[in-house]
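These notes are about the structure you will find just below.
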Amino acid sequence: MLHNVHMQQSCTQCGSTFEITENDLAFYKQIGVPLPTVCPDDRFMRRLNERNARKLYKRTCDLTGQEIISPYNRNHSFPVYAAEVWWSDQWDEISYGRDYDFTRPFFEQFGELLNVVPHQGTFVCTGTMQNSDFTNCAGYCKNCYMIAEADHDEDCYHSNRIFHNSTLVDCSNCYECELCYEAINCIGCFNVMFSEYSQTCTDSAFLKNCIGCKYCIGCMNQRQKEYMIFNKQLTKEEFEKQREELNLNTIDGLREMRQRADDFFLTEPQRPLQNEHNENSTGNHLYDSKNSFECYDCKDLEDCKWCAKVFSAKSSVDYTSWGDSAELMYQCAACGDHAYDLKFCTTCVTNNSNLEYCGHCTGSKDCFGCVGLRKKQNCIFNKQYSKEEYESLKKKIIEQMTENGEYGQFFPPELCPYGYNDTIAMEYFPLSKEEAQSKGYKWSEEVDDIPAVDKTIPSAKLPESIEEIPDDILNWAILCEETARPFRIVKQELAFYRQQNLPIPHHHPDIRHNRRQKRRSGVHLYKRICPNDGKEFLSTFGPERSEIVWCEECYLKEIY
Ligand SMILES: [Zn+2]
Ligand SMILES: [Zn+2]
């Protein structure tokens, strides 16, 4: 069997033992790389650290002086250009070209190049965005604000990983939803609030794992139901009366309901994994995939392993963000959009092929150790070579890197410009400052810009309901209940809260984001025994968890 363990390796970073299977070995041989010496989790963490999707800093474009926002704070030695400037011919990446020095390690020289070549200000699909300046890792959006990892969205605010939605506030991982608030991993829902893992539900709140429900509150595992509260069937009149009593238009009412719903959810069987339409695959939040293993938040994968946040990829291993027709990707992060045969690359976007150890390149092929290339071929350290020169020099560098142990390793963490806590790594592997630093990662200290406002108000002093909130709130800064960090409400957001009769949130958008991430199950698969039929199954819920977790078969039998 291909999953037979070929050998055990000891991780050079954390010391844990990890397996290399016959299947893994065949892949490494096929693409000509040495066996990994770092365990899958440490490799995963390192790649995640290459993507700062939603922490945006105000700064200026280093070429034009225009004000921009950027995932890069102001303390980097490389210049940062506004996206449209970076893509223009106002600068020349080949002018940074240099010879490779065989007396020094590769990573040291790559770090020097990385620190001088201009970086793109934000990662947006310029030309497809309308009135959506404060966004990152986004394309095809209209009237959006503070959204990240998003495409084809309209009127969406403070949300991440949202695709084809309209009018969302504070949502994560949603597809084709409309008018939703605090929704997590929902698909095709309309007017749904504080809900997770639900599909095609409408006019409901506090749902978990429901499909096709309407006018339901605090329900779990329901299908095509109407007028239910805590899974109890009510008449329309009873439902309306009880809904009124829940005071879901106040912070206190919402808080109490969150607690009651979470307590109730612990009494219902939990789906072991959130996977749909897969063939011979493992992972979580995995959809429409085939022969893909240990993949998370992915869709349309074939013959993949250890992928996360990837859509549409084939034959790829150790690949994180974002796919979109990618094939033969190995140890790549934040690369995608028609990518073929990329190894050890970061942030290489759109139409790249045959790149190794490159960062921030686009439309390029057959390049090694380059930064910021646009439509180039046969370059090494941003210097142009003939095809023959390129092949022979690349071969020599790989030989040197193999000898000194660099070849086969992803870029060391000190070459990453982001603080660990600013990146999507925190969503899967939350670490403290000390833990992150001990693994060699940088850490960003929170420095909020002091907002230029008329008034600062602690969130506890906000009026209870939205009716009492004056328009003037748009000129105030609110202090987060938990962190005292100031945050502001934008006009469209206020209109949304008013329309939905929701109170103004008391927490900073970052805290709201973290809270949603915590409600999603993790990226570790535990072997568990089903309490019903004694069968072994995989779940992201470890045995120490208080949820009732059944195998998928038993779960479905109970639900349908
Ligand atoms: Zn390790
Ligand atoms: Zn079972």
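Whatever order the structure lists them in is the order used to number ligands and atoms, beginning at 1.
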- Query: Which pair of non-hydrogen atoms, one from Pro413 and one from Lys439, has the smallest distance, and what is that distance?
  - Reply: CG-O, 3.8 Å
- So the angle subtended at the Zn ion (ligand 1) by Cys39 atom SG and Cys11 atom SG, rounded to 10 degrees, is 110°
- Message: For the backbone of Cys304 and the side chain of Ser292, can you confirm whether one donor and one acceptor N or O come within less than 3.5 Å of each other?
- Response: yes
- Heavy-atom closest pair (Leu355 atom, Ser364 atom, distance to 0.1 Å) is CD2-O, 3.8 Å
- Query: From Asp533, does some N, O or S atom reach closer than 2.8 Å to the Zn ion (ligand 2)?
  - Reply: yes
- Of all N, O or S atoms in Asp42, which has the smallest distance to the Zn ion (ligand 1)? OD2
- Note on the structure: The angle formed at the Zn ion (ligand 2) by SG of Cys554 and SG of Cys530 is about (to 10 degrees) 110°
- Specify the closest pair of heavy atoms between Ser195 and Phe206, including all atoms of both residues, with the distance to one decimal. OG-N, 3.3 Å
